[in-house]
Amino acid sequence: MITSSLFRSLTFIGSAILIFLYAGCTLMQPESRQEHIHHMGSGVMPFDLSKTTHVFQMTEEGGIQRVLAKDPADVKQIELVQQHLQHEAEQFQKGDFSDPAALHGEEMPGLRELAAGAARLTVTYVSLPAGAEITFATQDIRLVTAVHQWFGAQLSEHGADATYR
C-alpha cells in the first residue's frame, strides 16, 4: 500500500520530470537563419526550395540570379520557378523588392539601394529549360555594389539551397 508521503514524493518527482521534459523541448536549439529561410520560403516562393537551387553570379554590370529545378524533368517546379521569376523581374524593374524584404527582412544588404535606384537598373527575365533567370545590369557602380551585396546576403541565408557560379 502506498503511503501518503510516498504518494507525495512520487507526485513531486513525476511533476519535476514533466517540467524538465517541457523545458528541454522549449529550450531546443533555435532554428538557424538558413533553416528559417528554407521553411519560410514557401510564403514568398511558390516552388519547393528543396527541389530547386538558386544560383548567383556576380558580373561587372550587376549579376545573374538563376533558379533551377534539381530534376530537369520536374515540369511542375520548372513552371512555378518561371512564373515566379517572371513576376519578380517585373516587380524589381519597378523598384518593388517587397518579396525579398518579406523573406529576408527590410534591412537585407542592397535592397534599399536597389529599390531607390530602379530607374537606373535594367532587369531582364529569361526562361531556361530547367528554370529561369533574372539579369540585373547597370552602369551605376553603387547599384552594382548593391546587387553584389544582395546576392552575397542571399547566398548566406539560403545556405544549401543556393550556390555561387
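Side chains are part of it too, since the values below use all heavy atoms of this structure and drop only hydrogens, waters and symmetry mates.
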Which label fits F92 and F97: parallel for a plane angle under 30°, tilted from 30 to 60°, or perpendicular past 60°? parallel

Between H148 and G62, is there a donor-acceptor pair closer than 3.5 Å when you use the side chain of the first and the backbone of the second? yes

Donor-acceptor contacts, no H, no angles, side chain residues 117-129, under 3.5 Å, sequence neighbours left out:
| unit_1 | atom_1 | unit_2 | atom_2 | d |
| --- | --- | --- | --- | --- |
| R120 | NE | D140 | OD2 | 2.9 |
| R120 | NH2 | D140 | OD2 | 3.2 |
| Y125 | OH | Q82 | O | 3.3 |
| Y125 | OH | S127 | OG | 2.8 |

Residues clustering with I141 (ILVMFWY side chains joined when closer than 4.5 Å, directly or via others): V144

Distance-minimising heavy-atom pair for F151 and Q57: CE2-O, 3.6 Å

List the atom of A153, the atom of M108, and the distance in Å for their closest heavy-atom pair. CB-CE, 3.7 Å

Would you mind telling me which of D71, D74, V67 makes a side chain to side chain contact (heavy atoms under 4.5 Å, CB included) with T52? V67

Give every residue pair that meets the salt bridge (charged side-chain N to carboxylate O under 4.0 Å, His left out) criterion with at least one member in residues 144-156, sequence neighbours excluded. none

Would you say E88 and Q65 make side-chain contact, with heavy atoms under 4.5 Å? no

Measuring only between side-chain heavy atoms, which start at C-beta, is M58 closer than 4.5 Å to V147? no

What residue pairs, at least two apart or across chains, pass salt bridge (charged side-chain N to carboxylate O under 4.0 Å, His left out) with a residue in residues 122-139? R66-E133

Main-chain N/O of D48 paired to Q77 side chain as donor or acceptor, under 3.5 Å: yes

Minimum heavy-atom distance between I78 and A130, given as atom pair plus value: CG1-O, 3.6 Å

For the atom pair CZ (F56) and CZ (R165), what is the distance rounded to the nearest 0.5 Å? 14.0 Å

Would you say T138 and E61 make side-chain contact, with heavy atoms under 4.5 Å? no

Would you please name every residue forming a side chain to side chain donor-acceptor pair (under 3.5 Å) with E113, sequence neighbours left out? none

Spacing of CG belonging to L68 relative to NZ belonging to K70, to within rounding of 0.5 Å: 11.0 Å

Could you check whether any side-chain heavy atom of H84 comes within less than 4.5 Å of a side-chain heavy atom of L80, counting everything from C-beta outward? no

For K94, which residues count as a side-chain contact (heavy atoms from CB on, under 4.5 Å) partner, sequence neighbours excluded? Q91

Do I134 and L111 land in one hydrophobic cluster if side-chain heavy atoms of ILVMFWY residues count as linked below 4.5 Å? yes

What heavy-atom pair brings A115 and G95 nearest, and what distance separates the two atoms? CB-O, 3.4 Å

